[in-house]
Amino acid sequence: MGDVQGVEDKDGKATPDQASVYLSARLHQEIRDLSALQWPEECCGLLIASQNTPNRIHRVVVARNVATDPLKTFEIDPQTLIDTYRTVRDSSETVVGCFHSHPNGNVLPSNSDRARADEDGFLWLIIATGHNGALKSGMYRAQQQTAQGDEDDESLRYFRRCKLIED
Ligand SMILES: [Zn+2]
């Protein structure tokens, strides 16, 4: 079919539609502003949702990028990972994804992103950035299996593009 945009669902509650991801305009702007400020380095963090509505991101955790070369890649501060997973473990929340920026302005997942996307269903929000600020935003869901017909787009092989809906 080739249609990876999904169907827009206005209320976004308990929908089996995995292709739509909801993010408030305020949170989206917050992530984009942080990404722009961090340029030319990559910024990164985690996306948190309520367990009942895993496709609706309701808060984000900004992390320090502890990669050896933050100009080219990112590595979420392990202490932030530990703290965040500990916090959500006994709550009704869940870590549904991560975000990072691409200072080279490319909104597509990189080869190294694909190599690291080993958690099936995990969301990857990518903010393309340049010296003038944030450019495009792309939301992807890591997929362990490729759908038939996706072979022609090598860069999206293990990522399914999601429709990012601001609300
Ligand atoms: Zn990347």
Side-chain angles (χ1 to χ4, degrees), residues 6 12-15 17-104 106-129 133-144 156 158-167:
K13 280 182 292 190
T15 168
D17 175 15
Q18 296 253 305
S20 294
V21 177
Y22 296 81
L23 178 67
S24 73
R26 184 185 60 80
L27 273 181
H28 189 198
Q29 192 57 51
E30 198 175 308
I31 296 169
R32 289 174 59 80
D33 288 347
L34 280 166
S35 298
L37 279 172
Q38 202 73 19
W39 190 90
E41 295 188 354
E42 296 195 13
C43 82
C44 57
L46 295 165
L47 308 174
I48 318 290
S50 159
Q51 285 175 7
N52 297 332
T53 52
N55 292 332
R56 182 182 294 279
I57 294 151
H58 75 162
R59 71 181 175 95
V60 300
V61 174
V62 179
R64 214 156 51 90
N65 181 356
V66 296
T68 313
D69 187 359
L71 294 171
K72 288 202 167 70
T73 188
F74 77 99
E75 190 180 332
I76 292 172
D77 186 339
Q79 192 59 52
T80 303
L81 285 174
I82 291 166
D83 292 346
T84 305
Y85 276 91
R86 184 177 291 151
T87 303
V88 304
R89 192 175 52 200
D90 297 321
S91 74
S92 58
E93 293 183 311
T94 178
V95 179
V96 292
C98 62
F99 71 88
H100 71 288
S101 61
H102 279 178
N104 65 2
N106 189 344
V107 76
L108 293 175
S110 68
N111 286 336
S112 91
D113 293 337
R114 193 174 50 194
R116 293 160 69 179
D118 54 0
E119 189 175 338
D120 195 29
F122 208 60
L123 292 170
W124 285 65
L125 171 61
I126 295 174
I127 311 293
T129 54
L135 308 169
K136 287 182 179 172
S137 302
M139 182 72 84
Y140 310 88
R141 192 182 293 281
Q143 306 273 293
Q144 293 307 306
L156 295 175
Y158 298 107
F159 285 102
R160 166 180 281 248
R161 180 125 196 195
C162 296
K163 189 179 179 78
L164 179 56
I165 301 172
E166 280 190 356
D167 60 358

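Computed from a predicted structure; not experimentally measured.
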Between [X] and [Y], is any pair of side-chain heavy atoms under 4.5 Å apart?
{"X": "V66", "Y": "P78", "result": "yes"}
{"X": "I126", "Y": "P109", "result": "yes"}
{"X": "V107", "Y": "L135", "result": "no"}
{"X": "Q38", "Y": "I127", "result": "no"}
{"X": "E42", "Y": "P103", "result": "yes"}
{"X": "R141", "Y": "N55", "result": "yes"}
{"X": "C162", "Y": "Y140", "result": "no"}

Pairwise distance [atom1]([X]) to [atom2]([Y]) - rounded to 0.5 angstrom:
{"X": "S137", "Y": "E166", "atom1": "OG", "atom2": "CD", "result": "8.0 Å"}
{"X": "I31", "Y": "C43", "atom1": "CD1", "atom2": "SG", "result": "8.5 Å"}
{"X": "L27", "Y": "D167", "atom1": "CG", "atom2": "CG", "result": "10.0 Å"}
{"X": "D69", "Y": "E75", "atom1": "CG", "atom2": "CD", "result": "12.0 Å"}
{"X": "L47", "Y": "W124", "atom1": "CG", "atom2": "CH2", "result": "11.0 Å"}
{"X": "L46", "Y": "Y85", "atom1": "CG", "atom2": "OH", "result": "6.0 Å"}

Do you know which two heavy atoms are closest between [X] and [Y], and how far apart they sit?
{"X": "A142", "Y": "A117", "result": "CB-CB, 3.9 Å"}
{"X": "A36", "Y": "G133", "result": "CB-CA, 3.8 Å"}
{"X": "L71", "Y": "P40", "result": "CD2-O, 3.5 Å"}
{"X": "F122", "Y": "V95", "result": "CE1-O, 3.8 Å"}
{"X": "C44", "Y": "F74", "result": "CB-CD1, 3.5 Å"}
{"X": "N65", "Y": "P70", "result": "ND2-CB, 3.6 Å"}

Compute whether any side-chain donor of one residue and acceptor of the other, for D113 and S110, lie under 3.5 angstrom apart.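 The criterion, which ignores hydrogens and geometry beyond distance, is satisfied for S110 and D113.
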
Between T94 and Q51, is there a donor-acceptor pair closer than 3.5 Å when you use the side chain of the first and the backbone of the second?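 No, the answer is negative, given that no donor and acceptor are paired below the 3.5 Å cut-off.
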
Restricting to ring pair (Phe, Tyr, Trp, His ring centres under 6.0 Å), what partner residues turn up for H102, sequence neighbours left out?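 Partners of H102 by the ring pair (Phe, Tyr, Trp, His ring centres under 6.0 Å) criterion, ordered by chain and then number, come out as H100.
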
Using side-chain contact (heavy atoms from CB on, under 4.5 Å) as the criterion, list what pairs up with R59, not counting sequence neighbours.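 side-chain contact (heavy atoms from CB on, under 4.5 Å) list for R59, sorted by chain: I48, V61, T87, V88, E93.
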
If you look only at pairs with a residue in residues 22-37, which of them pass as a salt bridge (charged side-chain N to carboxylate O under 4.0 Å, His left out), with sequence neighbours excluded?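 Qualifying pairs, neighbours excluded: R26-E30.
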
What do you reckon, is CZ of R64 surrounded by more than 12 foreign heavy atoms closer than 6.0 Å?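 No - once you tally the heavy atoms of other residues, nucleotides and ligands closer than 6.0 Å, there are 12 at most.
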
Evaluate T80 against V62 for side chain to side chain contact (heavy atoms under 4.5 Å, CB included), listing each step before the verdict. CA-CA 8 Å; T80 303; V62 179; over 6 Å; no

